[in-house]
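Note that this is a predicted model, so its numbers are computed, not measured. Protein chains get the first letters and strands the later ones, always in sequence-line order, with residue 1 at the start of each.
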2 protein chains.
Amino acid sequence: MMMTKPRLNPRKTPRQSRSQATYVAVLEGAARILETEGGHRLTTNHVAERAGVSVGTLYQYFPGKEAILAELIRQMRQDMLTDFEEAAREAKGKDLAFALDALIAASLRHHLRRPALAQALERVESELQLNDEIHALKARMRELIVEVLRERRIMEPERTAFDLMALSRGISDAAIQSDQRDFDDLQQRLSRAIRGYLGLAVTPLVAAPVKTSTEIAGCR
Amino acid sequence: MMMTKPRLNPRKTPRQSRSQATYVAVLEGAARILETEGGHRLTTNHVAERAGVSVGTLYQYFPGKEAILAELIRQMRQDMLTDFEEAAREAKGKDLAFALDALIAASLRHHLRRPALAQALERVESELQLNDEIHALKARMRELIVEVLRERRIMEPERTAFDLMALSRGISDAAIQSDQRDFDDLQQRLSRAIRGYLGLAVTPLVAAPVKTSTEIAGCR
DNA sequence: GTAGAATATGAGTAATTATTCGCATTATCG
DNA sequence: CGATAATGCGAATAATTACTCATATTCTAC
């Protein structure tokens, strides 16, 4: 034979359906380890075992565990972006509060689908430095929100989008960490936080002690 | 000799000043690794090296790297709690907005002192399960905020404190991750987010397109 | 069918990381 | 001092984890 290729890309692209199945099995095995045992137990041998696959097979498709994590993150971000795009399309033409609620719902659905996995992947994401593809996905998500804000004449849409995403993530993460999983409850709390940041009307949490005449008269 | 003790607690308490110095050197070495290289490079040998200490010495004071991390986290939470208590004392008797700003400032100081370290430790904290002492520190911090809210007649103080802490952390973390380090800018953004959540007055971000008479007349 | 390509295997090896232990050094106290 | 305890050392060893490769199995196309 002429010359065996010098082992170029260690990561093959699966061609047959059986290898496709192997590929997703590895990813799913890794995901389940993240969910149930934590990142420190994610070793190549262990992933292969949980995937019902041999280590050698794993290495045919992934050069190492970082590659597995990167692919899981990429898929998560891709799914999230798709949901966001759908929500933004629905909200087209509707008013600000409606559009925001649609985006909040999309974000919440994502966090509640596989809560432990989403949390673990976000942690990994901030620890690893990511490839450009993942960065691009996140950038497009932010741009999408910026557009929603800009169309509604919100000032400083970039910074506002940044803060809204950040505070949403903060509340979602903390809630999920404490096993709060009630969709409607979380939706309300996120909606309050976001509307409040924007200066939209929000029912005050200050229980009026005794209504004085000056308080009733004054607009704020 | 009668009987060598069966190696009870592998973690000695340093008695001489020199060993005190060793103890803190190990912690500082670990902290610097977290800051500059990331959690995956935190190995006992490496920590010892960066601390200028031999591995054996490290193991005299810490049974393993988790113990080092736990102690770093404990110290971080302890410092933060102290700052919060101080801020709450200052704010005693002042109005809600003032009290909140004092707490925000304390939180921000903490995050900005050693930003990369704070981030890394928070990640580790959510990955490891912590001992009761650290849980207690966090619980006392939340209680402190609950009290601030309760004294000002805020409804559902527990849940509100939870959400305020969560959204603050979300914004702080995201900002620091993006190298936004301007104290006053962050203070303003956090203040807006928190006041907004509570339904306090916040300058709206909606650029009024044309002021209609009904908008000017209506209180909200 | 059968040839050849693709895929799968897992024991075996390399590399990394954790942990110990015998001994050297330094401090404390009378 | 000198005795004893405290501290420090780091090569050596154990344990874990990463990764390979010779071989076996399964698929595809003719």
Side-chain angles (χ1 to χ4, degrees), chain A residues 1-30 33-34 37-71 124 127-128, chain B residues 1-30 33-34 37-71 124 127-128:
Chain A
M1 188 180 268
M2 336 230 93
M3 194 188 293
T4 48
K5 301 231 187 77
R7 279 227 147 273
L8 247 250
N9 50 343
R11 175 176 169 178
K12 280 189 215 164
T13 304
R15 303 185 180 287
Q16 304 179 353
S17 66
R18 140 179 88 130
S19 58
Q20 283 281 357
T22 299
Y23 188 83
V24 312
V26 169
L27 290 174
E28 182 56 27
I33 289 173
L34 287 178
E37 308 180 61
H40 60 115
R41 300 239 22 193
L42 196 100
T43 69
T44 48
N45 290 294
H46 194 194
V47 169
E49 184 191 9
R50 291 267 286 206
V53 160
S54 83
V55 231
T57 298
L58 181 153
Y59 274 96
Q60 288 210 326
Y61 303 103
F62 301 94
K65 68 173 172 183
E66 297 79 14
I68 301 174
L69 289 168
E71 176 61 14
V124 172
E127 210 159 325
L128 246 54
Chain B
M1 188 181 268
M2 338 230 93
M3 194 189 294
T4 48
K5 301 229 187 79
R7 280 222 147 275
L8 246 251
N9 50 344
R11 175 175 169 178
K12 280 188 215 164
T13 304
R15 303 185 181 286
Q16 304 179 354
S17 67
R18 141 179 86 130
S19 59
Q20 282 282 357
T22 299
Y23 188 84
V24 312
V26 169
L27 290 173
E28 182 56 27
I33 290 173
L34 288 178
E37 309 179 61
H40 60 113
R41 303 240 19 197
L42 196 101
T43 69
T44 47
N45 288 289
H46 195 196
V47 168
E49 184 191 8
R50 291 267 285 206
V53 160
S54 84
V55 231
T57 299
L58 182 152
Y59 274 96
Q60 288 210 324
Y61 303 104
F62 301 94
K65 68 174 171 182
E66 297 80 12
I68 301 174
L69 290 168
E71 176 60 14
V124 172
E127 210 159 326
L128 246 53

J.: Measure from CZ on B/Arg41 to C1' on C/dT16 and round the result to the nearest Å.
T.: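 About 11 Å, once rounded to whole Å.
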
J.: Going by the angle between their ring planes, with limits at 30° and 60°, are B/Phe62 and B/Tyr23 parallel, tilted or perpendicular?
T.: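 Judged by the thresholds at 30° and 60°, the geometry between B/Phe62 and B/Tyr23 is parallel.
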
J.: Rounded to the nearest Å, what distance is computed from the OH atom of residue B/Tyr23 to the C1' atom of nucleotide D/dA6?
T.: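 So the two atoms are 17 Å apart, to the nearest Å.
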
J.: Measuring only between side-chain heavy atoms, which start at C-beta, is A/Thr57 closer than 4.5 Å to A/Val26?
T.: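 A side-chain contact under 4.5 Å is absent here.
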
J.: Mind calculating the distance between NE2 (A/His40) and P (D/dT16) to the nearest angstrom?
T.: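 Between P of D/dT16 and NE2 of A/His40: 14 Å.
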
J.: If I take atom CZ in residue A/Phe62 and atom P in nucleotide D/dA18, what distance separates them, rounded to the nearest angstrom?
T.: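 Nearest whole value for this atom pair: 15 Å.
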
J.: Rounding to a whole Å, what distance do you find between A/Glu66:CD and D/dT17:C1'?
T.: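 Distance, rounded to whole Å: 12 Å.
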
J.: Heavy-atom nearest nucleotide on DNA chain C for A/Ser54 versus A/Asn45: which residue maps closer to 5'?
T.: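 The 5'-side residue here is A/Ser54.
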
J.: Quick one: A/His46 NE2 to D/dT17 P, roughly how many Å, whole number?
T.: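 Distance, rounded to whole Å: 10 Å.
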
J.: Measuring from the side chain of A/Arg18 (C-beta onward, heavy atoms only), which nucleotide among D/dG8, D/dC27, D/dA11 has the closest atom?
T.: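 Ranking D/dG8, D/dC27, D/dA11 by closest atom to the A/Arg18 side chain puts D/dC27 first.
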
J.: Looking only at the side chain of A/Thr57 (C-beta and beyond, no hydrogens), which of the listed nucleotides D/dT17, C/dT9, C/dA18 gets closest?
T.: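 Of D/dT17, C/dT9, C/dA18, C/dT9 is nearest to the side chain of A/Thr57.
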
J.: Is B/Thr43 touching bases, backbone alone, or none of the nucleic acid, heavy atoms closer than 4.0 Å?
T.: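 Sugar-phosphate contact only - B/Thr43 comes under 4.0 Å of backbone atoms but never of a base.
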
J.: Can you name the closest pair of heavy atoms from B/Ser54 and B/Ala48 and give their distance?
T.: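 That closest heavy-atom pairing would be C-CB, 3.8 Å.
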
J.: Just compare C/dT9, D/dC9, C/dT19 and give me whichever is closest to any side-chain atom of B/Tyr59.
T.: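 The closest nucleotide is C/dT19.
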
J.: Can you tell which of C/dT7, C/dA11, C/dT9 lies closest to the side chain of A/Tyr61?
T.: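 Ranking C/dT7, C/dA11, C/dT9 by closest atom to the A/Tyr61 side chain puts C/dT7 first.
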
J.: Nearest whole Å is fine: how far is D/dT16 C1' from A/Glu49 CD?
T.: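 Rounding to the nearest Å, CD of A/Glu49 and C1' of D/dT16 are 14 Å apart.
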
J.: In whole Å, I'd like the distance from the CD atom of A/Gln20 to the C1' atom of C/dA8.
T.: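 Those two atoms, CD and C1', are 16 Å apart.
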
J.: State whether the side chain of A/Thr43 and the backbone N or O of A/His46 hold a donor-acceptor pair below 3.5 Å, judged by distance alone.
T.: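 Pair found, side chain donor or acceptor close to backbone of A/His46.
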
